[in-house]
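Please read all numbers here as calculations on a predicted model, not as lab measurements.
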Amino acid sequence: MGNYEKDTKSELTLPENHLAIELFGGQNQNLSRIADAADVVIQARGNTVFIRGDSIGVELARNILNQLYGLLKDGYPLYPNDVDYAANVLARDHTVKLKDIFMDTVYVTAKKQTVTPKSPMQKSYIDAVRNYDIVFGIGPAGTGKTYLAMAMAVSALTKRQVDRIILTRPAVEAGEALGFLPGDLAEKVNPYLRPLYDALHDMMSFEKASNLMQQGAIEVAPLAFMRGRTLNDSFIILDEAQNSTSEQMKMFLTRIGFNSKAVITGDITQSDLPKNRASGLIEAKEILSDIEGIRFIYFSKRDVVRHKLVQKIINAYEKHYSEPGT
């Protein structure tokens, strides 16, 4: 541990009253979040906050407050979870400029919320999708791989940069063959595709999404349905790619046509393929990583942007399985 004062006091006055109120949150809930993250005590009196704790925690709290206040001044709509994301980012690297990340607006959802990156790695991912035709987003659940890709796809369609969005996933998981599932083909595959529908309906109203599907501007289909096609003028997302076979991955990548983008997402630690089948995502990582024009972005548990308990759950499972005898 470095040298630091264990009982440091600091105060910070924020000039604009209405922004200070918004930053503090209802019943000072945002201040409580910052205090917990920095392990300090924070009290507010008017527009002034008083911070007490060790010097490292005090500086972290000041940094979070100053940068979030700057975002509010620039018109950023601050949500409670943004406070947690900011604290997580700045605790790892105090030199990060939150404006460079949070102010990169990708899309406005049906709920009128902006979709923006919440970590440096998410920012790198968004930039990669903008600048490369094929991007692989690899990492654990909750890191925003599919959600951000969906936002980029809807944004591209809205701006008429592409003619259609194609969303696909492997339709066989955990060793289950479709033939053994009840119902017709649509009923068999829909449960596997439901997460894609969920993300899509968060971006636009159900009615608008349904209309675009009827027009063919949005297509949601199992990966096997991509065989034999050439996908031009499209934004294509392959989700849960760790469950694709080597043959399926090669088939998918060779479907990509002119003026198209493809984003492939997955978690290489969570493959549901039989043990004797190689994951197409793992193989693609090994074969394609040196090809110019293809970008690989690797997320870690530190990039999880779901409920703050999700990261603790991931840590707990990692600790459990790393212990001898488990």
Side-chain angles (χ1 to χ4, degrees), residues 1-123 126 142 144 147 151 202 302-312:
M1 298 290 290
N3 294 322
Y4 59 88
E5 294 295 329
K6 293 186 177 181
D7 190 15
T8 299
K9 298 178 182 179
S10 181
E11 64 181 69
L12 179 65
T13 300
L14 305 169
E16 299 184 42
N17 184 61
H18 69 287
L19 293 181
I21 292 172
E22 190 173 351
L23 175 58
F24 296 169
Q27 299 181 325
N28 291 341
Q29 288 184 351
N30 289 344
L31 292 183
S32 296
R33 288 171 178 261
I34 296 170
D36 289 343
D39 194 21
V40 296
V41 175
I42 300 179
Q43 295 176 322
R45 191 178 306 138
N47 291 5
T48 301
V49 291
F50 300 87
I51 311 167
R52 179 174 178 175
D54 69 60
S55 58
I56 293 176
V58 168
E59 283 305 308
L60 173 58
R62 285 184 63 93
N63 194 9
I64 296 168
L65 286 163
N66 275 321
Q67 293 212 42
L68 290 179
Y69 183 77
L71 286 170
L72 286 168
K73 284 185 68 175
D74 286 348
Y76 181 84
L78 187 68
Y79 296 98
N81 282 341
D82 291 326
V83 178
D84 297 331
Y85 303 149
N88 187 36
V89 168
L90 293 175
R92 299 202 309 263
D93 184 353
H94 69 278
T95 66
V96 169
K97 303 301 180 187
L98 293 181
K99 284 185 182 181
D100 294 341
I101 301 172
F102 285 25
M103 294 297 285
D104 186 354
T105 301
V106 177
Y107 193 71
V108 179
T109 72
K111 301 174 183 176
K112 306 302 182 184
Q113 294 182 351
T114 54
V115 178
T116 64
K118 303 298 183 184
S119 71
M121 192 57 67
Q122 286 196 350
K123 171 64 173 169
I126 289 297
Y147 195 80
D202 203 29
R302 297 188 305 180
D303 299 301
V304 170
V305 292
R306 289 182 180 170
H307 192 289
K308 60 184 179 181
L309 285 176
V310 171
Q311 193 162 3
K312 294 181 180 180

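Rounded to the nearest 0.5 angstrom, E22 CD and L68 CG are separated by 11.0 Å. Interatomic distance, CG of D7 versus OG of S55, reported as 10.5 Å (0.5 Å rounding). To the nearest 0.5 angstrom, L23 atom CG is 12.5 Å from K73 atom NZ.
Residues meeting the side chain to side chain contact (heavy atoms under 4.5 Å, CB included) test with A91, sequence neighbours left out: L60. Residues satisfying the side chain to side chain contact (heavy atoms under 4.5 Å, CB included) test with A151, not counting sequence neighbours, are V106, Y107, V115, M203. With sequence neighbours excluded, the residues that form a salt bridge (charged side-chain N to carboxylate O under 4.0 Å, His left out) with D74 are K99. Here A87 pairs with A37, I64 under the side chain to side chain contact (heavy atoms under 4.5 Å, CB included) rule; sequence neighbours left out. In this structure S32 satisfies the side chain to side chain contact (heavy atoms under 4.5 Å, CB included) test with no other residue, sequence neighbours excluded. In this view, F24 satisfies the ring pair (Phe, Tyr, Trp, His ring centres under 6.0 Å) rule with no residue, not counting sequence neighbours. By the salt bridge (charged side-chain N to carboxylate O under 4.0 Å, His left out) test, D202 is found to be paired with K111, residues two or more places apart in sequence or in another chain being considered. A search for salt bridge (charged side-chain N to carboxylate O under 4.0 Å, His left out) contacts involving R302 returns nothing, not counting sequence neighbours.
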Anything under 3.5 Å between a donor and an acceptor, one on a side chain of residues 13-20, the other on a protein residue two or more places apart or in another chain? List them.
{"unit_1": "T13", "atom_1": "OG1", "unit_2": "T48", "atom_2": "OG1", "d": "2.9"}

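The stretch residues 60-70 participates, sequence neighbours left out, in these side chain to side chain donor-acceptor pair (under 3.5 Å) pairs: S10-R62, N63-Q67.
Contact check for M103 versus Y76: side-chain heavy atoms found under the 4.5 Å cut-off.
Q29 contributes no side-chain N or O that, together with a main-chain N or O of G25, makes up a donor-acceptor pair within less than 3.5 Å.
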